[in-house]
S.K.: 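First, the structure itself, so that you have it in front of you.
Note on naming: letters A, B, ... go to the chains in the order of the sequence lines (proteins, then strands), and numbering restarts at 1 for each one. Small disclaimer: the values here were computed from a predicted structure and weren't measured.
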Amino acid sequence: MKSLVLSLALLLVPLAGMTAAAATETPEQFVERTSNEVLVILRDPALGHDAKITKLEAMLDERSDFETISRLVLAVHYRQFNDAQKKEFVALLHRYLTTTYGHQIDNYGNEIVTVTGGRPEARGDYTVRTTLKRKTGADLSVEYRLRKSGDQWLLIDVIGEGISLVSNLRSQFGEILGAGGPEKLLKVLREKNASGTPAKLPAAGKS
Amino acid sequence: MTPMQWKARGRVALVGGLAAALIAAATAGPAAAGDSAKSDPWASLNRPIFRFNDALDRYALEPVAKGYDYVLPDLVQGWVTNFFANLWFPVTFTNCVLQAKPHEATQSLARFMLNTTVGLGGFGDPATKLKVPSPSEDFGQTLGYWGVGPGPYLVLPLFGPSDIRDTVGRVVDSANRVWPYFVPWYVSSSEGVLEIINTRARYLENVKDLRESSVDYYASVRDAYLQRRAALVEDRVGASEKPGQAADDELYYPSDTESE
């Protein structure tokens, strides 16, 4: 049970692990190359904490599909958002992921990523499977879900030890949306991003 | 009747009774991750218990674990971790057999024999150095393997996240640990405390990070628990991993957002 907590905490490394892919590259090569590039950044002694975050964030922007991630995370609530709210949500989610997981990057860099395979998913998606070898503790299974945009693979989910980031966020945001709708969620995320500290645990569920 | 026979007989009766209770649990419907209304009908009960557990952790367990972590070198903590992991052998082995996984059962047996002997009573872990995989099977997974659904999500006081199936599994497995057979209760309960503190100390950073990064800590832990358990039951992760299983379609193609 505890290892799932760990794998959630480790999500930043793989999430930031995507960079430009040539059209001819297989999804496995794409993930392998970009994982290695992330580790190079993490291990670079010349880069400070902020410089690393800036570099990883640039990679994240370039190689993940935040529009789709936002849509998957909001799921049934997506239609309640007007265009301005959708736009703000995408920006807030981006900021949320980079700030909340970003401060943990200094703990990482000694890991070894091995691509162990992949599988085509429904409707053209592709999942690449990797193993994350750590200095201490058991190896972790990390999967990347990719979706093609034009001739480019883009990251749409990271699944650490069987735990999907998209599903986890959907679960967290769903409770807030159910209670207060889009404005409430945007407010919670704005505050969360501004404070960088834990959000208050919502009161006991209404249902 | 010796105490040992009594315990064995008690276990059989316990398992029999639980098997009957399970048929009810199985019909309670699946706890699907991501859909809180379906998977967590008892949220109004679970949330207060979760807050209680969390407060207990912040004020009692976490400080003790921090002290333990500060005092004991990582090497020694590793020995303690190995020792307790080794004691789970009967649980893992039994459940590998119950799930008709002879390969994993053999791995589990090999690990136990190596680590108990060469590993000096389980404090060392030569099996991992020799790349013997470490299967992770428990009775909750065995029930899932044979088609029993998880039932509603349930937060247990002190024990934390669970569901109906895993609560039954926890009771059955706890009767199957190594120590209850030969040590008096006061030894096994203080060992239990050490195991809890040692485990908590291993995840100090991770729990802190998850607490701070979550927007809704309760929902985050619930979803992680349900997803992780489903992945273990379906062998999508761990030593008995079977690759190539398609993921949840509803997660990646939610029906309400298809039109753009």
S.K.: When rounded to the nearest 0.5 angstrom, what distance separates CD in A/Glu121 from OH in B/Tyr253?
M.R.: 7.5 Å
S.K.: Test your reading of the model: is there a side-chain donor-acceptor pair from A/Gln172 to the backbone of B/Ser214, 3.5 Å cut-off?
M.R.: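 Pair absent, no side-chain N/O of A/Gln172 close to backbone of B/Ser214.
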S.K.: Tell me the closest heavy-atom pair linking A/Lys192 and B/Ser213, and the distance in Å.
M.R.: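 Closest heavy-atom pair between A/Lys192 and B/Ser213: CE-O, 3.7 Å.
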S.K.: Less than 4.5 Å to any heavy atom of chain B: does that hold for the side chain of A/Ile156, its backbone, both, or neither?
M.R.: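 Looking at A/Ile156, just its side chain touches chain B.
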S.K.: Indicate the atoms forming the closest heavy-atom contact of B/Leu251 with A/Ser164, along with that distance.
M.R.: CD2-OG, 3.5 Å
S.K.: Mind checking what makes side-chain hydrogen bond (donor to acceptor under 3.5 Å, both in side chains) contact with A/Thr130, not counting sequence neighbours?
M.R.: none
S.K.: Search all heavy atoms of A/Ser167 against all heavy atoms of B/Gln227 and return the closest pair with its distance.
M.R.: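 Reported closest heavy-atom pair: OG-NE2, 3.1 Å.
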S.K.: Go through the atoms of B/Ala219 and report whether side chain, backbone, both or neither lie under 4.5 Å from a heavy atom of chain A.
M.R.: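 Contact with chain A is through both the backbone and side chain of B/Ala219.
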S.K.: Using a cut-off of 6.0 Å, state whether more than 12 heavy atoms not belonging to A/His49 lie near its atom NE2.
M.R.: yes
S.K.: Answer with side chain, backbone, both or neither: which region of A/Asp139 has an atom nearer than 4.5 Å to a non-hydrogen atom of chain B?
M.R.: neither
S.K.: For B/Arg202, check side-chain hydrogen bond (donor to acceptor under 3.5 Å, both in side chains) against everything at least two apart and list the hits.
M.R.: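 So B/Arg202 forms no side-chain hydrogen bond (donor to acceptor under 3.5 Å, both in side chains) with any residue.
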S.K.: Decide if atom CD of A/Gln85 counts as having more than 12 heavy atoms of other residues, nucleotides or ligands within a radius under 6.0 Å.
M.R.: yes
S.K.: Does NZ in A/Lys55 sit with more than 12 non-hydrogen atoms of other residues, nucleotides or ligands closer than 6.0 Å?
M.R.: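 At most 12 heavy atoms, drawn from other residues, nucleotides or ligands, come within 6.0 Å of this atom.
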S.K.: Distance-only, no hydrogens or angles: does the B/Arg228 side chain make a donor-acceptor pair with backbone N or O of A/Ile163 under 3.5 Å?
M.R.: no
S.K.: With side chain to side chain donor-acceptor pair (under 3.5 Å) as the test, would you mind laying out the steps for A/Asp157 and B/Tyr252 before giving the verdict?
M.R.: CA-CA 9 Å; A/Asp157 196 11; B/Tyr252 296 107; 2.5 Å; yes
S.K.: Between B/Ala224 and A/Asn168, which heavy-atom pair has the shortest distance, and what is it?
M.R.: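 Answer, listing the atom of B/Ala224 first, then A/Asn168: N-ND2, 3.6 Å.
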S.K.: Check whether any side-chain heavy atom of B/Pro254 lies under 4.5 Å from a side-chain heavy atom of A/Arg170, and answer yes or no.
M.R.: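 Yes, close enough: below the 4.5 Å cut-off.
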S.K.: Heavy-atom distances under 4.5 Å only: say whether A/Leu189 touches chain B with side chain, backbone, both or neither.
M.R.: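 Side chain only.
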